[in-house]
Amino acid sequence: MAQRRHLVAGNWKMNGLRAEAERLAGDLAARARTAAGGCDMLVCPPATVLAAVGAVLGGSGIALGGQDCHAAEKGAFTGDVSAEMLKDAGCSFVILGHSERRHGHGETDAEVRAKVAAAWRAGLAAIVCVGETREQREAGTALAVVSAQLAGSVPEAASAANLVVAYEPVWAIGTGLTPTLGDIAEIHGGIRARVAAGTRVLYGGSVNPGNARDILALPDVAGALVGGASLKAEDFWAIAQACG
Ligand code: PEP
């Protein structure tokens, strides 16, 4: 299978009122329209600004994604957003099973799996996040934890076209800490052996313009999921440029 381009995805989390979201998206879109990109780019803003950000990104080649979805297509689920709604708002991806949902909202592997199936039903590619806690890493169980999350969260019909995996150690998210390159390589190699050939496996957790080049150069790392640094156009762009 031909090697797919790296994917650099920005998870804006719960940040961005419309004016600042449009400014950030506009800055990225202007860069993408004038400079050749070495990778695919994606931004995942809050649901409230998806349409506005999508309009600003139009024609730039930067894709739009959601940060979560409900497993059902529609119904009495106050406050939730369905995969079909994300698709309707212009999304082509959705992040699922982020550690802030697994740990902050108690989401189980089974719930993530149902959401992945919903994403596929709506025609979205799912970015499934997996990663160990600090205690699990220190106990030497990181790969076992990640493997179990993958087995529990990804339905059978996964392919390189409908699935992206993001390895995000919980202890590295928003902390400025990152695993060693060797540790990243080990986990990515383990994930690669458990998913369909050609599936992109991203690294996420305190990626910044200073460490991106080394991380993105690892053979089994096919991009990055970026939180904090995706809120600054200059930093996010620099990370995308580091794909080489
Ligand atoms: C994330 O939340 O997915 C993430 C990787 O955050 P940060 O880059 O801020 O660590």
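Not measured: the values here are computed from a predicted model. Each ligand, and each atom within it, is numbered from 1 in the order the structure gives.
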query: Should the pair Asp27-Arg31 be classified as a salt bridge under the 4.0 Å nitrogen-to-oxygen rule?
result: yes

- prompt: Is it true that Arg101 and Glu111 have a side-chain N and a carboxylate O under 4.0 angstrom from each other?
  reply: no

- prompt: Relative to each other, are the rings of Tyr167 and His188 parallel, tilted or perpendicular (30° and 60° limits)?
  reply: perpendicular

- prompt: Of the options Val43, Leu7, Leu124, Leu64, which is the one that meets Phe93 in a side-chain contact (heavy atoms from CB on, under 4.5 Å)?
  reply: Leu7

- prompt: Just checking, is any N or O donor in the side chain of Ser153 or Arg102 under 3.5 Å from an acceptor N or O on the other one?
  reply: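 The answer is yes; a qualifying pair exists.
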
query: Considering only heavy atoms, which protein residues lie less than 4.0 Å from any atom of ligand 1?
result: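 Residues within 4.0 Å of ligand 1: Asn11, Lys13, His98, Glu168, Ala172, Ile173, Gly174, Gly204, Gly205, Ser206, Leu225, Val226, Gly227, Gly228.
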
message: Heavy-atom count check: over 12 atoms from other residues, nucleotides or ligands less than 6.0 Å from Arg18 CZ?
response: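 Not more than 12 within 6.0 Å, no.
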
